[in-house]
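Each remark here refers to the structure printed beneath this line.
Only a predicted model underlies this, so the values are computations on that prediction, with no experimental measurement involved.
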Amino acid sequence: MNPLKPSALKPGDTIGIVAPASHSALPSALSNGRRSLEALGFRTVTATHLADRHGFLAGQDDDRLADLEAMFADPDIQGIVCLRGGYGSMRMLPRMDFEIIRAHPKVFVGYSDITALHGAIHRKTGLVTFWGPMVASDMSPDFHPFNRDAFMKAVTGTAAIGTIAHPDGLPPVQVIRSGAAGGPLIGGTLSLLAAAVGTSYEFEYDGAILFFEDVGEEPHRIDRMLTQLLQAGRLERVSGIVIGECAGCGSAPNNPSFPYGNFSIEEVFADRLQPLGIPVVYGLAIGHGTCKATLPLGVRATLDGDAGRLTVEESGVC
């Protein structure tokens, strides 16, 4: 399926804020995040049920879904940014009207639990969506300059995004296996990628460059998720793998699950991924950490495994 690109955002456009997963505990996170978007020249509106709460969810499934579909259908809204992740996006997928999304392509941004929506929209419509910062999680109290600039470049620029920058202060990118690869860029949070296996809502893996990251996972859980993707035949179909920053991942120092022996996450990556024979790099500014790139999903990218460099060869908008 050829990628369907949304129109680039421009000053004065309206961005709708939705909560497809969990709610935000702090009302100030919403107001501060809106301020950050408006400082960039955008108008903002909030979804009807944005303030709803239902356990760990931002309201009932049908209401969250109605909010998302209404934002896509509304001609006065040019872009959609998620409030935060958490959990719950995948619960809506069986009832989602993907024809609404295909008929009204627009910029859609989020990460973490929003991975479930990215995969489903990619599979069902071919729309290029954006793995990137969210209103409460990353734009409040301030929008980090690296994240702000990467966001604006991805959603407003029609030139190729180019090489993904690696901010000063982050550890150097590690080359787990060298080589070169090219293909459509797909990916997201590892736990959500693994959860989608076997459903009709997962990404198309054939020939793709896959990126993944996660947060707060121990090495054996990362191993389990990678093993699931391996045994399901997904990883043998990709051309290259980019691992982002895995914030808070590793064995718990005060209460390790395996106190008499463990692997580091780097050792898990090497053990599980080196035998694939494709380039694999680890440590790019893609993840739940302070710095995060905004990545268009479904467009062509290249991976230089020797240099530890990911380059997005085209724009995600038109």
Find the distance between [atom1] ([X]) and [atom2] ([Y]) and round it off to the nearest 0.5 Å.
{"X": "Leu37", "Y": "Asp13", "atom1": "CG", "atom2": "CG", "value": "12.0 Å"}
{"X": "Arg123", "Y": "Glu204", "atom1": "CZ", "atom2": "CD", "value": "4.0 Å"}
{"X": "Ile101", "Y": "Phe108", "atom1": "CD1", "atom2": "CZ", "value": "7.5 Å"}
{"X": "Arg34", "Y": "Leu83", "atom1": "CZ", "atom2": "CG", "value": "11.0 Å"}
{"X": "Lys10", "Y": "Gln78", "atom1": "NZ", "atom2": "CD", "value": "6.0 Å"}
{"X": "Ile114", "Y": "Thr129", "atom1": "CD1", "atom2": "OG1", "value": "10.5 Å"}

Following the transitive rule for hydrophobic clusters with a side-chain heavy-atom cut-off under 4.5 Å over Ile, Leu, Val, Met, Phe, Trp and Tyr, establish whether [X] and [Y] coincide in one cluster.
{"X": "Leu297", "Y": "Leu192", "answer": "no"}
{"X": "Val128", "Y": "Phe72", "answer": "yes"}
{"X": "Leu26", "Y": "Met134", "answer": "no"}
{"X": "Leu40", "Y": "Val109", "answer": "yes"}
{"X": "Phe146", "Y": "Met152", "answer": "no"}

**Message:** Testing Glu217, Glu213, His118 one by one against Thr189 for a side-chain hydrogen bond (donor to acceptor under 3.5 Å, both in side chains), which residue passes?
**Reply:** Glu213
May I ask you to decide if [Y]'s main-chain N or O and [X]'s side chain share a donor-acceptor pair within less than 3.5 Å?
{"X": "Lys106", "Y": "Ile80", "answer": "no"}
{"X": "His54", "Y": "Asp61", "answer": "no"}
{"X": "Lys5", "Y": "Val299", "answer": "no"}
{"X": "Asp214", "Y": "Ser191", "answer": "yes"}
{"X": "Ser137", "Y": "Arg84", "answer": "no"}
{"X": "Asp74", "Y": "Ala70", "answer": "no"}
{"X": "Asn147", "Y": "Lys292", "answer": "yes"}
{"X": "Glu314", "Y": "Arg300", "answer": "yes"}
{"X": "Lys124", "Y": "Tyr201", "answer": "no"}
{"X": "Gln274", "Y": "Arg177", "answer": "no"}

**Request:** Output all residues satisfying ring-ring contact (aromatic ring centres under 6.0 Å, His included) with Phe130, sequence neighbours left out; order by chain, then residue number.
**Result:** none
Quick one: closest heavy-atom pair of [X] and [Y], and the distance?
{"X": "Pro94", "Y": "Met90", "value": "CD-O, 4.0 Å"}
{"X": "Cys249", "Y": "Gly216", "value": "SG-N, 3.7 Å"}
{"X": "Pro296", "Y": "Gly316", "value": "CB-CA, 3.7 Å"}
{"X": "Val107", "Y": "Ser7", "value": "CG2-O, 3.7 Å"}
{"X": "Gly182", "Y": "Ser239", "value": "O-OG, 3.2 Å"}
{"X": "Gly88", "Y": "Asp113", "value": "N-OD2, 3.2 Å"}

Kindly indicate whether the side chain of [X], heavy atoms from C-beta on, has any atom under 4.5 Å from the side chain of [Y].
{"X": "Leu235", "Y": "Arg272", "value": "no"}
{"X": "Val197", "Y": "Leu229", "value": "yes"}
{"X": "Leu190", "Y": "Leu226", "value": "yes"}
{"X": "Phe42", "Y": "Thr156", "value": "yes"}
{"X": "Thr14", "Y": "Asp76", "value": "no"}
{"X": "Asp142", "Y": "Ser36", "value": "no"}
{"X": "Pro20", "Y": "Leu117", "value": "yes"}
{"X": "Ile164", "Y": "Phe211", "value": "no"}

**Request:** Could you tell me how the ring of His288 sits relative to the ring of Tyr111: parallel (under 30°), tilted (30 to 60°) or perpendicular (over 60°)?
**Result:** perpendicular
**Request:** Could you check whether the rings of Phe151 and Phe143 sit parallel, tilted or perpendicular, using 30° and 60° as the cut-offs?
**Result:** tilted
**Prompt:** Do the charged groups of Glu38 and Arg35 touch, with an N to O distance under 4.0 Å?
**Reply:** no
**Request:** Taking only Lys NZ, Arg NE, NH1 and NH2, and the carboxylate oxygens of Asp or Glu, determine whether Asp67 and Arg64 approach each other closer than 4.0 Å.
**Result:** no
**Message:** Apply side-chain contact (heavy atoms from CB on, under 4.5 Å) to residues Leu193 and Tyr205 and explain how you reach the verdict.
**Reply:** CA-CA 11 Å; Leu193 296 173; Tyr205 283 83; 4.1 Å; yes
**More than 12 heavy atoms of other groups within 6.0 Å of Tyr87 OH** = yes
**Message:** Does Met139 form a side-chain contact (heavy atoms from CB on, under 4.5 Å) with Val81? I'd like the steps, not just the answer.
**Reply:** CA-CA 11 Å; Met139 302 177 189; Val81 180; 4.0 Å; yes
**Request:** Apply side-chain contact (heavy atoms from CB on, under 4.5 Å) to Val317 and Leu9, showing your working.
**Result:** CA-CA 8 Å; Val317 294; Leu9 295 180; over 6 Å; no
**Request:** Could you please spell out the steps behind the side-chain contact (heavy atoms from CB on, under 4.5 Å) verdict for Leu310 and Val281?
**Result:** CA-CA 9 Å; Leu310 174 67; Val281 302; over 6 Å; no
**Message:** If the test is side chain to side chain contact (heavy atoms under 4.5 Å, CB included), which one of Leu170, Leu284, Ile286, Val215 qualifies with Glu245?
**Reply:** Leu170
**Message:** As a quick check of understanding, evaluate side-chain hydrogen bond (donor to acceptor under 3.5 Å, both in side chains) for His144 and Thr290, giving each step before the final call.
**Reply:** CA-CA 8 Å; His144 189 286; Thr290 300; over 6 Å; no
